[in-house]
Amino acid sequence: MFRYDGQCKITPPATVVHDGYRRRFAELTREQWDAIGWNEAVPAERQPCTAYATEWVKGDDLIYREVVVTATVDEEALAARLAAAARAERNRLLRETDWTQLADSALDAGAMVRWQSYRQALRDVPQQAGFPATMEWPEPPEAE
């Protein structure tokens, strides 16, 4: 990522004017980039559901780095995101075990009941205390 006139750009131009001549950007040094207003830029890593106040600081190496001044987590949005991810995982696990409830599955009655109990435990995951931050996933029955 690059920074030019306070704006971030994914890629620099192929050519620029430097010292009155059109030059290939890739052939210029970092110091020459800086002289014409271009600098490499490294954005701060961001987490979902978090609002950031940042500032850009140019280092001695002429690279701008985005520095986090404050970060505020939206706890409700984060909990909703975690809950949606947990439910999606639970639904995936349920889909993978749908075959165990079919009348023509090769399971005996005891195995079918164990799979029914496992599937009910999956459905009960959102009712666990601490959901979605902490939860315990049930173990599937042993294959026979």
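Note: hydrogens, waters and symmetry copies are ignored here, and every other heavy atom, side chains too, is used.
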What salt bridge (Lys or Arg N to Asp or Glu O under 4.0 Å) pairs are there with at least one residue in residues 124-139, not counting sequence neighbours? none
Run Glu55 and Glu66 through side-chain contact (heavy atoms from CB on, under 4.5 Å) and show every step you take. CA-CA 6 Å; Glu55 62 183 30; Glu66 188 178 25; over 6 Å; no
Decide yes or no for Ile63 and Asn39: does some side-chain heavy atom of the first lie under 4.5 Å from some side-chain heavy atom of the second? no
Sorted by chain and residue number, the salt bridge (charged side-chain N to carboxylate O under 4.0 Å, His left out) partners of Asp61 (sequence neighbours excluded) come out as Arg65
Can you find a heavy atom in the side chain of Leu122 that is under 4.5 Å from one in the side chain of Pro138? yes
Applying salt bridge (charged side-chain N to carboxylate O under 4.0 Å, His left out), name anything that partners Arg119, two or more places apart in sequence or on another chain. Asp98
Note, Phe25 side chain near Thr15 side chain (heavy atom, < 4.5 Å): no
CD of Gln47: more than 12 outside heavy atoms within 6.0 angstrom? no
Can you list every ring-ring contact (aromatic ring centres under 6.0 Å, His included) pair that touches residues 40-98, not counting sequence neighbours? none
Heavy atoms of other groups near Glu45 CD, more than 12 under 6.0 Å: no
side-chain hydrogen bond (donor to acceptor under 3.5 Å, both in side chains) contacts touching residues 3-14 (sequence neighbours left out): none
Would you mind reporting whether Leu28 and Ile36 have side-chain heavy atoms less than 4.5 Å apart? yes
Listed partners of Arg30 passing salt bridge (charged side-chain N to carboxylate O under 4.0 Å, His left out), at least two apart: Glu40
So, does Ser117 use its side chain to make a donor-acceptor pair with the main chain of Val113 at under 3.5 Å? yes
Name the orientation class of the two ring planes belonging to Trp33 and Phe2 (parallel below 30°, tilted from 30 to 60°, perpendicular beyond 60°). perpendicular
Yes or no on side-chain contact (heavy atoms from CB on, under 4.5 Å) for Leu78 and Val73, after CA distance, side-chain angles and deciding distance? CA-CA 8 Å; Leu78 183 59; Val73 177; 3.9 Å; yes
Calculate, to the nearest 0.5 Å, the distance between atoms CD and NE2 belonging to Glu27 and His18 respectively. 12.5 Å
